[in-house]
**Student:** 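What follows is a structure written as structure tokens; I'll ask about it next.
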Amino acid sequence: MRDIHEEARRAAHHGPMPPLPPDPHRLPPPGDWFASDAAHHLLDRPKFCPQCAGSLDRGLISEWWSGDDRIFLTWCAECRWTGNIVLFSRATIEEPEH
Ligand SMILES: [Zn+2]
């Protein structure tokens, strides 16, 4: 039978950790000035091409910023699509009067 208290005790244990595998994404050490941006890029970057839906793992994704917008210059190795994908937290949309 599952003992949730035992699982919680194990989860809270701060003993020595087993060695971790090499980080394939080579994030900068935590605390470096760029570490937070690099981690957010890894989490939020586009994963699939908007043109062919292929994986972007072999493509190119470079991020830059314009104000609060996060802009991902994206190239797909499968179909060669190139373009910007923009993440924004707020949009201003004009609606014609009717
Ligand atoms: Zn594509």
Side-chain angles (χ1 to χ4, degrees):
M1 184 169 146
R2 186 173 157 208
D3 181 353
I4 60 170
H5 298 290
E6 176 60 16
E7 288 185 26
R9 189 191 66 76
R10 284 192 202 157
H13 179 67
H14 297 288
M17 293 283 292
L20 297 173
D23 181 358
H25 301 292
R26 297 181 311 239
L27 286 172
D32 275 13
W33 71 271
F34 192 66
S36 175
D37 291 328
H40 280 102
H41 175 83
L42 194 61
L43 290 171
D44 299 336
R45 67 185 175 158
K47 310 294 188 287
F48 301 99
C49 172
Q51 173 84 4
C52 74
S55 171
L56 292 172
D57 285 345
R58 294 187 320 114
L60 170 70
I61 303 167
S62 179
E63 181 177 349
W64 55 285
W65 303 275
S66 177
D68 291 335
D69 293 347
R70 297 173 63 198
I71 302 165
F72 297 91
L73 171 62
T74 305
W75 174 74
C76 175
E78 303 296 325
C79 73
R80 311 272 188 222
W81 180 85
T82 302
N84 288 335
I85 297 174
V86 180
L87 288 182
F88 52 86
S89 57
R90 186 180 320 170
T92 303
I93 300 172
E94 293 187 24
E95 186 174 323
E97 291 188 33
H98 44 267

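Just follow the structure's listing: the first ligand is 1, and inside any ligand the first atom is 1.
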**Student:** Does a side-chain heavy-atom distance below 4.5 Å link R80 with Q51?
**Tutor:**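 A side-chain contact under 4.5 Å is absent here.
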
**Student:** Do any protein N, O or S atoms sit under 2.8 Å from the Zn ion (ligand 1), and which ones are they?
**Tutor:**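 Listed by chain and number: C49 SG, C52 SG, C76 SG, C79 SG.
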
**Student:** Answer with yes or no whether the hydrophobic clustering places L87 together with L56; edges join I, L, V, M, F, W, Y residues whose side-chain heavy atoms lie under 4.5 Å apart.
**Tutor:**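 L87 and L56: one cluster.
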
**Student:** Quick one: are H40 and R70 in side-chain contact, heavy atoms under 4.5 Å?
**Tutor:**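 Yes - at least one pair of side-chain heavy atoms lies under 4.5 Å apart.
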
**Student:** Could you tell me whether W65 atom CH2 has more than 12 heavy atoms of other residues or ligands within 6.0 Å of it?
**Tutor:**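 Atom CH2 in W65 is crowded, with more than 12 foreign heavy atoms closer than 6.0 Å.
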
**Student:** Do any pairs count as a ring-ring contact (aromatic ring centres under 6.0 Å, His included) and have a residue in residues 79-98, sequence neighbours left out, and if so which ones?
**Tutor:**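 Not a single pair qualifies under ring-ring contact (aromatic ring centres under 6.0 Å, His included).
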
**Student:** Is there a path of hydrophobic side-chain contacts, each under 4.5 Å between heavy atoms of I/L/V/M/F/W/Y residues, joining V86 to W64?
**Tutor:**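 Yes, because W64 and V86 connect within a single hydrophobic cluster, where side-chain heavy atoms sit under 4.5 Å apart.
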
